[in-house]
Amino acid sequence: MKFIPLDYDYFDFNSKNYIRIIGRDDKGKRVCVIDDCDVYLWAILKQDVSDKEIQKIINGIKHLEIEKKERTTKIEKIEVVNKNFLGKRVTALKIFATNYKDLHPIASELDFIEIDKRRGYDLGFITHYIIEKKFRPSVWYEIEGDLLNNSLEFGGIDSALDVDFCLKLNSHKEILEQKFNPKVIAYDIETDEFKIGEGEILMISLVSNYGLKKVITWKKNEDEEPEKAPKFVEYVKDEAELIEHFVKIIRKESPDFLVGYYSDGFDMPYLKSRSEKHKVKLSLGLDDSQPRFTRGINLSARTSGIVHIDLLKFIRTAYSQYMQSETLSLNEVAREFLGDKKIEFKHRHSSKLKGLDWNEYYEYNLHDSTLVASLFEKMWPDILGFSRVIQEPIHEITRNGLSKDVESYILHNLEKFNEIPEKRPNNPDVAERRHIEKYEGAFVLEPTPGLYENLAMFDFTSSYGSVIVSYNLSKSTFLGSNKELKKIPSNETSYSIETGGETIYFDKKPGFIPEMLKQIIESRKHYKKELAASKTDDPIKRARSNAYKLLANAYYGYQGFFGARYYCREAAAATAAFAKKEIKKAIEQIDKNGFKTIYSDTDSIAFELKNKNEKQTLEFLKEINKTLPGIMELELEGFFKRGIWVTTRAGTTGAKKKYALINKEGKLKIRGFETVRRDWCKLARSLQNKVIQMILSDGNYEHALTYTKEIITKIKTHDVPKEDLIIRTQLKKPISEYKAISPHVIAAQKMIEANIPISAGNLIEYYIAEPKDKSKKKLVRERVKLQIEPGEYDIDYYLNNQILPAVENIFQVLKIDIKQIISGKTQTTLGDF
DNA sequence: GGTGGCGTTTTACC
DNA sequence: ACAGGTAAAACGCCACC
């Protein structure tokens, strides 16, 4: 039969590990596949251990047993194998045992002096299985096996599972490109208290991608006539019945994916807590099991056989760095991806709702699930693509961070290099790495403030990634520094770079990490090209391209990340240093060839064309690319009609990471300015945006100045609506942990006093109000008010701390002193002094 | 007890 | 739990009057 594996789980039977995969066949039937695989770990031997000694070790460990309450784990066999570890040839013992969970204690028992390292016991059984059997998630297979039909094998697993077929796998063969339309249900709960354990679940909405659309609720107002409720509403008796009914629907529909938004942290734990309270079973699993929660700071909820997805988590790692949205609220994310938005609904406690208010509430609840379902449809190609590229199941792919994604990719590709996996760092290792001094990072050129015309911008494609590949920078290729090496490696065989006052060396013989990254970058290029060439958009190909792009961009950060298996601070430092060297070289070339560099940051260079035209610039680009090392490549980011760079607030130097460009079509590219910062009020941001836009399109300040004066007048006459003055700042940690009590901390305290639940991660909104007593209240935080608090805004604050700083430096480039205009004085020229 | 100056903390961006 | 670089606001603290 044809089969696509979706949900991976494992169980023990007769003390051995079995994998249980649930997926679908091509007819849409639910299928469960049982399989097992070799379980082993590696003991890497020291160099030149004799055969006799090896035999002695084997004899010493082959009778090793790990006694556990529920099982005894034994060594099954031991092989001697030639492998690579961190690029070096090693002889290793492949020690097969009966249970993966006991590999760690076995490793601890291997205390022979000839054994150098123990590896391969900390991958997690599912990852180990996928590597071992190459039965990869989210890919179609032609499979063959023995049907289990009320069989007693595996403790009667098939009869306990709610699937159409259950079989023991004999063989599997990948099939190319077969379409898969998953069955998806999005869900969302509404409660009358936000805190888990303190309120009741009022209603649950369910929306599928095949027509299901429901709100289940036990809340109806007595004076409401039920026939007036929308058709999609289904009433139940009470909260307990609500949960039972929800479970019944999910189990009956048996979707592949149950999708929520922040559902790992809210909906699922809430459901669990309420079901415990009412002593009803939340048996969402196909094996009748309840959701399992992984402990740790970040809750994650796993339902057996039905993959539970918290879309928020996937969005955070896969998209957020490329998104415009300032928060990851469902509302804003839906607006960005779907152009849709949440139905406005003022949340009130359920006791305050009456009559037809409830209908609005139902609609609102349903709409949230509709949004989640649509978002899922949009993101599904990426989820599938990520799962296939990284080779981890969808449950993991949708929750992992970038470092985990990179690491999984590496682990699943080690075999091509005959590599034994490196271990996870232990706590002392991590602690030590975290305390190592930071290394020097990117190069940022200080711009000369001014208004420039006729510009171009180049940037390095996958900059750091291409440096890692071109200079072969990784843990396994790092040779050491001049301070510790007895013999300095030659230029023929190594790359060298200065960083932190020493010279460090990397082998030229390609290492497996740069080689893998090279593959990633090439694949990305390949898919991108294919996409550009085809007339129709292929979401699956686009997704693959996206996955490779994300991986390529995260590799550098991964090597410098303290939690990484393949952590290598030197490789990360060298990457930054080589990138710096290359971009400086490129700037030199640009200036030597008749252009004039204005600004550069990390991997991009903005310059004036001067007397050259666009065609000549592109020809120059081709030429410079011929001189770049390895796979490094510059590309054109764009041509621009005009651009502005300003001074810092202190006014003495050019401000870095802050500029605005406009192209011939009038499209703006604004970086770093307050316009793009969410912790500035709307008024200041939109004014700055307008001013930038007017100056860049006109090339002079007349319109911008007139407009600014209008805004100033509005502020002075208290004519600005409060919502335009709201400042939004994220609360990054619990209130008690703040050493400096800034305005947003005060606002957060006020919210708690007003019974508005907030916690770390929330956006805090407030405005600065006029002080009652003008003489006192010097500090900004003493004038903080929440939007719901009555009061007038503080004119001085908004003029001097929001409006003025937003436009001052921009006008200053055009020699206009906006400060004088704000303070109401007439313009003075130097001549007046 | 207020003020100026400078360092520190904090956020958000590149 | 990817990295470092940078601007800027506001607080915190101390010397000083």
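Here the structure is a predicted model, which is why all the values come from computation and not from measurement. Below, chain A is the first sequence line, B the second, and so on; all start at residue 1.
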request  = Look at all strands and tell whether A:Q559 reaches a base, only sugar-phosphate, or nothing, counting heavy atoms closer than 4.0 Å.
outcome  = nothing
request  = Please determine, by modelled atom types, if A:E582 and A:Y471 share a side-chain donor-acceptor pair under 3.5 angstrom.
outcome  = yes
task = Would you check if the side chain of A:K750 reaches a backbone N or O of A:Y766 as a donor-acceptor pair within less than 3.5 Å?
result = no
ask   = With a non-hydrogen cut-off below 4.0 angstrom, is A:L402 in contact with a base, only sugar-phosphate, or nothing?
value = base
request  = Indicate, with a heavy-atom threshold strictly under 4.0 Å, whether A:Y738 touches base, sugar-phosphate, or nothing.
outcome  = sugar-phosphate
message = Measuring to OP1 and OP2 of C:dA10, would you say a side-chain N or O of A:S742 lies under 4.0 angstrom away?
response = no
request  = Could you check whether A:A572 gets within reach of a base, just the sugar-phosphate, or nothing at all, counting any heavy atom under 4.0 Å?
outcome  = nothing
query = Across the strands shown, which category fits A:K732 at heavy-atom distances under 4.0 angstrom: base, sugar-phosphate, nothing?
reply = sugar-phosphate
ask   = With sugar-phosphate meaning primed atoms plus P, OP1 and OP2, does A:N298 contact a base, only sugar-phosphate, or nothing at under 4.0 Å between heavy atoms?
value = nothing
ask   = If only side-chain N and O atoms of A:Y797 are considered, is one of them under 4.0 Å from the OP1 or OP2 phosphate oxygen of C:dA10?
value = yes
Of the listed nucleotides C:dA8, B:dA12, B:dC14, the one nearest the side chain of A:T648 = C:dA8
message = Does the structure place the NZ or CZ of A:K549 under 6.0 Å from the centre of the six-membered ring of A:Y322, at an angle of no more than 45° from the ring's axis?
response = yes
message = Just to verify, what does A:Q812 make a side chain to side chain donor-acceptor pair (under 3.5 Å) with, not counting sequence neighbours?
response = A:T647
query = Is A:R677 touching bases, backbone alone, or none of the nucleic acid, heavy atoms closer than 4.0 Å?
reply = base
key: Under-4.0 Å side-chain N/O to phosphate OP1/OP2 contact, A:H744 with B:dT10   = no
task = Determine the contact category for A:G672: base if any of its heavy atoms lies under 4.0 Å from a base atom, sugar-phosphate if only primed atoms, P, OP1 or OP2 are that close, otherwise nothing.
result = sugar-phosphate
inquiry  = Check the phosphate of C:dA9 against A:R649, side-chain N and O only, distance under 4.0 Å to OP1 or OP2. Yes or no?
reply    = yes
Nucleotide of C:dT6, C:dG12, B:dT10 approaching A:I741 most closely (side-chain heavy atoms) = C:dG12
query = Under 4.0 angstrom, heavy atoms only, what part of the nucleic acid is A:Y439 near: base, sugar-phosphate, or nothing?
reply = sugar-phosphate
query = Checking A:D122 side chain against A:R424 main chain: does a donor-acceptor pair fall under 3.5 Å?
reply = yes
query = When all nucleic acid strands are considered with a 4.0 Å heavy-atom cut-off, which category describes A:V406: base, sugar-phosphate, or nothing?
reply = nothing
ask   = Out of C:dA8, C:dA10, C:dG4, which has the shortest distance to the side chain of A:K657?
value = C:dG4
message = C:dA7, OP1 or OP2 - any side-chain N/O from A:K656 closer than 4.0 Å?
response = no
ask   = Counting any heavy atom closer than 4.0 Å, what does A:K580 reach on the DNA or RNA strands: base, sugar-phosphate only, or nothing?
value = nothing
message = Base, sugar-phosphate or nothing for A:G557? Non-hydrogen atoms, less than 4.0 Å.
response = base
